[in-house]
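Everything below concerns the one structure shown next.
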Amino acid sequence: MYTFPSETSASFIFFLTGIPGLETSHTWISIPFCCLYAIAISGNSMILFVIITESSLHEPMYYFLSMLSFTDLGLCLSTLVTVLGIFWFNVREITFDACIGQMFFIHGFTFMESSVLLVMAFDRFIAICNPLRYAMILTNSRIIAVGFAIIIRGTTALVPLLLLLKRLSFCQSHVLHHSYCFHPDVMKLSCSDTRINSAFGLAIVISTAGLDSVLILLSYVLIIHSVLCIASKEERKKAFGTCISHLSAVAIFYIPMISLSLVHRFGKHAPPFVHTLIANVYLLIPPVMNPIIYSVKTKQIRKAMLKVFFVKPS
């Protein structure tokens with residue numbers, strides 16, 4: 001265990017954690033992690049490529065899907081260097097400024113993904129509840145404006161949150177419990193008063209992911225009500241079918257997030273590897289699963305991928 005006297009934020013380094021108790025097996029553990037990173041990077045890159053290159057996919061639904069793939073790709077790349085650095089080379093040290101930078105990208109892309117999922121729920125709501133005005137409401141200019149709004153919303157609140165960390169002093173252990181820098185994890189190591197940091201961090205989570213989850217739920221309540229008013233059973237089934245991929249994406253994003261929050265709050269006596277495992281699942285599962293879900297469940301994406309990557313021109 002590393003212990004240090006009280007220091008200012010600019011003068012020290014943190015030590016990241018691999019899988020506690022399994023340090024001798026890190027090389028073998030890195031194999032499934034490498035596979036997951038490869039699937040996430042290649043899958044999301046393929047989604048982005050086919051949407052950009054296939055004119056048949058230049059529609060609002062697929063533009064929003066490309067935003068989801070972009071945030072998943074960013075989220076994945078934000079942790080790749082530190083996670084594989086620990087497993088392959090046992091590089092655990094990270095400076096405070098580098099830690100701040102990594103937190104900015106991790107939390108920024110997380111909040112952006114939450115916003116994208118909300119926008120995709122709104123897209124499904126308009127498509128099902130008001131299909132005749134769909135093209136009129138979701139114009140290209142509005143989609144571009146929404147994209148910029150998502151970026152601004154996901155990053156602006158983080159700047160003061162991370163600046164508040166710089167005022168803290170750290171006199172306890174500098175060993176973090178994850179393979180990357182995570183705001184609650186860093187904040188726990190401070191010997192300063194962190195009530196302002198905690199309150200501001202909670203306010204950001206509630207106003208982003210918390211609000212988004214409520215609005216997504218409300219969107220689907222309205223969608224279900226609208227679908228149940230459709231007389232034809234086949235039409236109802238078709239309408240619900242268009243929402244399956246998005247509902248799956250929502251589930252694999254929010255369930256790991258909630259699990260990690262519960263472990264941080266109530267899992268003080270849980271084995272150390274539980275914290276690390278759930279933390280990695282929280283950031284890796286959505287980027288890995290979203291391309292698979294949309295490739296399997298969305299016929300247009302599947303056909304476009306087959307056309308681009310497997311069907312050779314005559």
Side-chain angles (χ1 to χ4, degrees), residues 2-17 71 74-75 77-79 81-83 92-116 118 148-214 253-254 256-268 275-276 278-280 282-283:
Y2 297 87
T3 56
F4 299 85
S6 178
E7 301 173 83
T8 58
S9 60
S11 62
F12 62 83
I13 58 175
F14 288 117
F15 294 87
L16 301 170
T17 301
T71 57
L75 197 58
L77 293 174
S78 298
T79 61
V81 173
T82 54
V83 171
R92 299 177 55 205
E93 299 86 354
I94 184 169
T95 65
F96 182 82
D97 287 337
C99 195
I100 288 285
Q102 187 178 48
M103 279 189 285
F104 177 81
F105 286 108
I106 289 173
H107 293 295
F109 280 118
T110 299
F111 295 148
M112 280 190 271
E113 180 149 347
S114 177
S115 299
V116 172
L118 173 60
F148 279 112
I150 287 171
I151 294 172
I152 293 169
R153 184 190 187 221
T155 56
T156 50
L158 284 175
V159 174
L161 179 69
L162 298 179
L163 288 177
L164 283 172
L165 278 179
K166 283 187 166 287
R167 71 181 182 86
L168 301 180
S169 296
F170 295 85
C171 53
Q172 303 178 37
S173 167
H174 288 187
V175 180
L176 299 171
H177 293 107
H178 301 91
S179 305
Y180 53 84
C181 291
F182 188 60
H183 181 263
D185 197 18
V186 174
M187 194 171 58
K188 283 181 180 178
L189 300 184
S190 174
C191 52
S192 305
D193 186 354
T194 60
R195 286 177 294 181
I196 295 176
N197 300 67
S198 297
F200 194 72
L202 180 61
I204 291 176
V205 171
I206 291 173
S207 63
T208 52
L211 178 61
D212 292 347
S213 62
V214 172
F253 176 77
Y254 281 103
M257 176 186 284
I258 293 170
S259 301
L260 181 61
S261 299
L262 291 175
V263 167
H264 265 282
R265 187 164 294 273
F266 304 110
K268 294 180 180 179
H275 291 262
T276 306
I278 294 179
N280 284 310
Y282 158 62
L283 290 186

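These figures come from a predicted structure and were not determined experimentally.
For Phe104, the side chain to side chain contact (heavy atoms under 4.5 Å, CB included) test picks out Thr155, Leu158, Val159, Leu162, with sequence neighbours left out. Applying the side chain to side chain donor-acceptor pair (under 3.5 Å) criterion to Tyr254, with sequence neighbours excluded, gives Ser114. Residues satisfying the ring pair (Phe, Tyr, Trp, His ring centres under 6.0 Å) test with Phe253, not counting sequence neighbours, are none. For Thr110, there are no side chain to side chain donor-acceptor pair (under 3.5 Å) partners two or more places apart in sequence or in a different chain. Here Thr156 pairs with Ile152 under the side chain to side chain contact (heavy atoms under 4.5 Å, CB included) rule; sequence neighbours left out. In this structure His107 satisfies the side chain to side chain donor-acceptor pair (under 3.5 Å) test with no other residue, sequence neighbours excluded. Ala98 is linked by a side chain to side chain contact (heavy atoms under 4.5 Å, CB included) to Ile94, Thr95, counting only residues two or more places apart in sequence or in another chain. With sequence neighbours excluded, the residues forming a side chain to side chain donor-acceptor pair (under 3.5 Å) with Asp185 are His177, His178, listed by chain and number. With sequence neighbours left out, the side chain to side chain contact (heavy atoms under 4.5 Å, CB included) criterion links Ser78 to Phe105, Ile106, Phe109.
A donor-acceptor contact shorter than 3.5 Å is absent between the side chain of Tyr180 and the backbone of Val81. Of the possible donor and acceptor atoms, none in the side chain of Ser190 sits under 3.5 Å from a partner among the backbone N and O of Met187.
In this structure, the side chains of Glu93 and Leu16 stay at 4.5 Å or more apart for every pair of heavy atoms. In this structure the side chain of Ser115 reaches within 4.5 angstrom of the side chain of Asp212, judged on heavy atoms. The closest side-chain heavy-atom distance from Met257 to Tyr282 is below 4.5 Å. Using a 4.5 Å cut-off on side-chain heavy atoms (C-beta onward), Leu189 and Phe14 make contact. Within the 4.5 Å cutoff, no side-chain heavy atoms of Phe111 are placed close to those of Ile150. The closest side-chain heavy-atom distance from Ser207 to Leu211 is not below 4.5 Å. Using a 4.5 Å heavy-atom threshold, the side chains of Ile13 and His174 count as separate. You'll find the side chain of Leu176 stays beyond 4.5 Å of the side chain of Phe182, heavy atoms only.
Within 6.0 Å of CD1 on Ile196 lie no more than 12 heavy atoms contributed by other residues, nucleotides or ligands.
A distance of 9.0 Å separates CG of Leu262 from CD1 of Ile278, quoted to the nearest 0.5 Å. Interatomic distance, OG1 of Thr194 versus CG of Leu165, reported as 9.5 Å (0.5 Å rounding).
Scanning all heavy atoms of the two residues, the minimum distance from Ser179 to Val83 falls at CB-CG2, 3.7 Å. In terms of heavy-atom proximity, Cys181 sits nearest to Gln102 at N-OE1, 2.9 Å.
Sorted by first then second residue, the salt bridge (charged side-chain N to carboxylate O under 4.0 Å, His left out) pairs that include residues 189-198, not counting sequence neighbours, are Asp193-Arg195.
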